[in-house]
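Have a look at the structure below before the remarks.
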Amino acid sequence: MPRINIISVPIAVCVIGILGLFVNVIVLNQTGADHTLREEDLEIPTDKTDTPSLLASNKLALSLARAPLGQLGPAETSRQSLRYYDSLFYTSIQFGKNATSLIEVGCASDPFIKYLDWVNKRTCVAPYYVKYGGGGDNGNAEFNESDTSGIESIVADFMEFKVEDYSYDLLICSQVVEHVSDPSAFVKKLIRTAKTSIISVPFEWPHCGKQCNHKTDKISYEMVLKWSEPFIPILSTIVKEKKKGSSNNAARRIIVVFQPEER
């Protein structure tokens, strides 16, 4: 059984792996002042033999440089500074650095995958787009297209959405499974949709009534394993928030990663 690590900071190991990418892309002007990193600053190699991989590394470094770490949640909401979004971001880098296609299931109106812009093809699928309020009251909203250029928006129930097995390189589904009526069927389809699936759910939260509208509460790691059978996660991480006034259980989320070919 994979080991569960309880962390209070983003996944540090990814940072170590990414630092090398900055050597060739952090640009300083001649006065020594910081220079805004732009696509035109990236050097295109004259040797074309390894151009695709070099360009992919440059795009990834550029995405990391632009990401507002610590503020990756839905903008102008109480969720904006939740640290588990940083963990999702670093997990996406760790397992999706070479991805060329990505699907997010259950997007908010301000989708998380707008920050994963090293991936060429990005798709959001949701029956409606949630707009998070500052105090926990959530409502439906239109997809925010102001800063999500390049993301395809599909309004559909994921269980009715027709998609071939493993047709995407990377899938992200964050805080959605607890809202569906058949989590086992839902999780299995998530895993079959992409070569790598990153799924996040509340970890052992107590019943939270209408404020959360969860169909499943007190989700444990064992429940996730049961839902995902026969697939087994290759990584499981628990992220704890610094949230005043709430119990320890209500401040934790679990992130699990699946790669079906390794089951």
Side-chain angles (χ1 to χ4, degrees), residues 1-22 56-57 59-74 79-108 111-119 121-124 151 166 168-178 187 190-191 193-203 219 221 224-225 227-228 231-241 251-263:
M1 180 179 295
R3 181 180 178 182
I4 301 178
N5 300 311
I6 299 180
I7 64 171
S8 59
V9 294
I11 302 172
V13 66
C14 294
V15 179
I16 297 173
I18 295 301
L19 285 178
L21 297 177
F22 285 111
S57 296
K59 288 185 67 177
L60 180 59
L62 187 62
S63 297
L64 183 55
R66 292 188 298 207
L69 298 176
Q71 300 289 314
L72 294 177
R79 301 169 65 93
Q80 184 170 2
S81 60
L82 292 181
R83 62 165 52 123
Y84 99 93
Y85 286 109
D86 283 5
S87 295
L88 280 176
F89 182 76
Y90 283 112
T91 303
S92 300
I93 290 175
Q94 182 179 3
F95 293 97
K97 62 181 180 296
N98 296 319
T100 60
S101 60
L102 161 66
I103 183 170
E104 183 177 5
V105 178
C107 312
F112 171 74
I113 62 170
K114 71 181 184 181
Y115 299 115
L116 310 186
D117 54 1
W118 72 87
V119 183
K121 178 185 177 183
R122 290 172 292 160
T123 303
C124 277
I151 299 177
Y166 314 120
Y168 289 87
D169 292 328
L170 183 65
L171 175 144
I172 292 177
C173 183
S174 171
Q175 306 299 110
V176 175
V177 176
E178 65 273 17
V187 168
L190 289 174
I191 297 170
T193 297
K195 299 177 181 68
T196 299
S197 295
I198 302 172
I199 303 170
S200 169
V201 295
F203 185 68
I219 299 174
Y221 180 64
V224 174
L225 288 180
W227 292 340
S228 66
F231 306 106
I232 300 174
I234 62 171
L235 175 74
S236 302
T237 301
I238 296 172
V239 185
K240 183 178 179 182
E241 302 292 341
R252 297 187 296 174
R253 293 172 174 85
I254 185 170
I255 298 173
V256 289
V257 180
F258 295 88
Q259 287 184 332
E261 66 273 18
E262 296 193 13
R263 64 175 173 149

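All values below were derived from every heavy atom in this structure, side-chain atoms included, with hydrogens, water molecules and symmetry-related copies excluded.
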Side-chain heavy-atom pair Thr237, Thr91 within 4.5 angstrom cut-off: no

Separation between CG of Leu170 and OG1 of Thr196, rounded to the nearest 0.5 Å: 6.5 Å

Verdict with reasoning, Ile191 to Ile199, per side chain to side chain contact (heavy atoms under 4.5 Å, CB included): CA-CA 9 Å; Ile191 297 170; Ile199 303 170; 4.3 Å; yes

Side chain to side chain contact (heavy atoms under 4.5 Å, CB included) between Phe112 and Ser174, worked out: CA-CA 9 Å; Phe112 171 74; Ser174 171; over 6 Å; no

Tyr168 side chain reached by Ser197 side chain, heavy atoms, under 4.5 Å: no

Note, Ile219 side chain near Val177 side chain (heavy atom, < 4.5 Å): no

Among Lys114, Lys121, Glu104, the one residue meeting side chain to side chain contact (heavy atoms under 4.5 Å, CB included) with Ile151: Lys114

Over all atoms of both residues, closest heavy-atom pair of Pro74 and Gln80: O-CB, 3.4 Å

Criterion side chain to side chain contact (heavy atoms under 4.5 Å, CB included) on Val105 and Leu190, from CA distance to verdict: CA-CA 8 Å; Val105 178; Leu190 289 174; 3.8 Å; yes

Inter-residue atom distance Leu82.CG - Gln71.CD, 0.5 Å rounding: 10.0 Å

For Asp169, side chain to side chain contact (heavy atoms under 4.5 Å, CB included) partners two or more places apart: Ala99, Thr100, Ser101, Lys195

Flag, side chain of Asp86 to backbone of Leu69, donor-acceptor distance under 3.5 Å: no

Interatomic spacing from CD in Gln259 to CD1 in Ile198 - rounded to 0.5 Å: 9.0 Å

From CG (Leu60) to NZ (Lys97), nearest 0.5 Å: 8.5 Å

Closest heavy-atom pair and its distance - Val176, Cys173: CB-SG, 3.5 Å

Ile172 side, atom CD1; Ile113 side, atom CD1 - distance, nearest 0.5 Å: 7.0 Å

All side-chain hydrogen bond (donor to acceptor under 3.5 Å, both in side chains) counterparts of Ser200, not counting sequence neighbours: Gln175

Nearest heavy atoms of Ser236 and Tyr221, plus distance in Å: OG-CE1, 3.0 Å

Which atom of Leu235 lies closest to which atom of Gln94, heavy atoms considered: CD2-OE1, 4.5 Å

For Ser92, side-chain hydrogen bond (donor to acceptor under 3.5 Å, both in side chains) partners two or more places apart: none

side-chain hydrogen bond (donor to acceptor under 3.5 Å, both in side chains) involving Glu178 - partner list, sequence neighbours excluded: none

Heavy-atom pair of closest approach, residues Trp118 and Gly96: NE1-O, 3.0 Å

Check: Arg253 side chain, Tyr84 main-chain N or O, donor-acceptor pair, under 3.5 Å: no

Evaluation steps, side chain to side chain contact (heavy atoms under 4.5 Å, CB included), between Leu64 and Phe89: CA-CA 9 Å; Leu64 183 55; Phe89 182 76; 3.4 Å; yes

Ser63: side-chain hydrogen bond (donor to acceptor under 3.5 Å, both in side chains) partners, not counting sequence neighbours: Asp117

